[in-house]
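Notes for the one structure printed next.
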Amino acid sequence: QVQLVESGGGLVQTGGSLRLSCAASGSIFSINVMGWYRQAPGKERELVARDNSGGSTNYADSVKGRFTISRDNSKNTVYLQMNSLKPEDTAVYYCNADIRKTYSSSTYRYWGQGTQVTVSS
């Protein structure tokens, strides 16, 4: 019983900012990598940013310098701060987390339901 709940999406003008949140809840022993993907109409789902408990982070070239991923391990929550938004950032954003439900369980990747981000020109 694991659930990822996203929030923070919406409509913003070019140059504006949004902060996405994704909280994992349910039966969780540990969380390794957490990240954000996005999918625009007619395009493949792509990695936006990821962060794991070891401190490593990765960003898509298109968002470097504008987006920042962070996490609060005590809350099992990952954030995506999006600044200087562009129309091409318009997409459905999905969070994901690699989670072990118990000490003896395998790790599986879970996905949120997605939240719409629309950037107007």
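This chain uses plain numbering: 1 for the first residue, then up along the sequence.
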(Q) I'd like to know whether Tyr79 forms a side-chain contact (heavy atoms from CB on, under 4.5 Å) with Asp72, so could you lay out the CA-CA distance, the side-chain angles of the two residues, the decisive distance to 0.1 Å, and finally the verdict. (A) CA-CA 8 Å; Tyr79 305 93; Asp72 185 339; 4.1 Å; yes
Shortest non-hydrogen contact between [X] and [Y], atoms and distance:
X: Ala24; Y: Ile31; value: CB-CD1, 4.1 Å
X: Leu80; Y: Ala49; value: CD1-CB, 4.1 Å
X: Leu4; Y: Gln113; value: O-OE1, 3.3 Å
X: Gly8; Y: Leu18; value: O-CD2, 3.8 Å
X: Ala91; Y: Ala40; value: CB-N, 3.8 Å

Q. How many angstroms lie between CD1 in Ile69 and CE in Met82, if you round to the nearest 0.5 Å?
A.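 Interatomic distance, Ile69 CD1 to Met82 CE, rounded to 0.5 Å: 11.5 Å.
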Q) What distance separates Ser70 OG from Gln81 CD, expressed to the nearest 0.5 Å? A)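 Ser70 atom OG to Gln81 atom CD measures 8.0 Å (nearest 0.5 Å).
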Q. Can any side-chain N or O of Thr77 pair as donor or acceptor with the backbone N or O of Lys75 at less than 3.5 Å?
A.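 At least one qualifying donor-acceptor pair exists.
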Evaluate the side-chain proximity of [Y] to [X]: yes if any heavy-atom separation is below 4.5 Å, no if none is.
X: Ile28; Y: Lys101; answer: no
X: Thr118; Y: Val12; answer: no
X: Tyr59; Y: Leu47; answer: no
X: Ile99; Y: Ser30; answer: no

Q. Can you hop from Leu85 to Val48 via hydrophobic side chains spaced under 4.5 Å?
A.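 Linked within one cluster.
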(Q) Hydrophobic clusters here meaning ILVMFWY residues chained together by side-chain heavy-atom distances under 4.5 Å, can you tell me if Val92 and Tyr110 are in one? (A)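 No, it is not one cluster - the side chains of Val92 and Tyr110 are not joined through contacts under 4.5 Å.
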Q) For Asp98, which residues count as a side-chain contact (heavy atoms from CB on, under 4.5 Å) partner, sequence neighbours excluded? A)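 Asn32, Val33, Asn96, Thr107, Arg109.
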Q. Does the gap between the ring centers of Trp111 and Tyr37 come in under 6.0 Å?
A.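 Ring centroids of Trp111 and Tyr37 are less than 6.0 Å from each other.
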Q) In terms of heavy-atom contacts, does CZ of Arg50 have more than 12 from other residues, nucleotides or ligands at under 6.0 Å? A)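 Atom CZ in Arg50 is not packed in, count stays at 12 or less.
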Q: Count the heavy atoms belonging to other residues, nucleotides or ligands that lie under 6.0 Å from CZ of Phe29, then report whether that count exceeds 12.
A: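 Yes, because the 6.0 Å sphere around CZ of Phe29 holds more than 12 heavy atoms from other groups.
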Q: Sequence neighbours left out, what pairs pass salt bridge (Lys or Arg N to Asp or Glu O under 4.0 Å) with at least one residue falling in residues 3-28?
A: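 Residue pairs passing salt bridge (Lys or Arg N to Asp or Glu O under 4.0 Å), neighbours aside: none found.
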(Q) Looking only at the side chains, is there a donor atom on one of Asn83 and Ser17 sitting less than 3.5 Å from an acceptor on the other? (A)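 Per modelled atom types, Asn83 and Ser17 side chains form a pair under 3.5 Å.
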Q. Which pairs count as side chain to side chain donor-acceptor pair (under 3.5 Å) when at least one residue sits in residues 84-95, sequence neighbours excluded?
A.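 Every pair satisfying side chain to side chain donor-acceptor pair (under 3.5 Å) with a residue in residues 84-95: Arg38-Asp89, Arg38-Tyr93, Arg66-Asp89.
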Q. Can you list the steps and then say if Trp36 with Leu20 is a side-chain contact (heavy atoms from CB on, under 4.5 Å)?
A. CA-CA 9 Å; Trp36 291 92; Leu20 305 183; 3.6 Å; yes
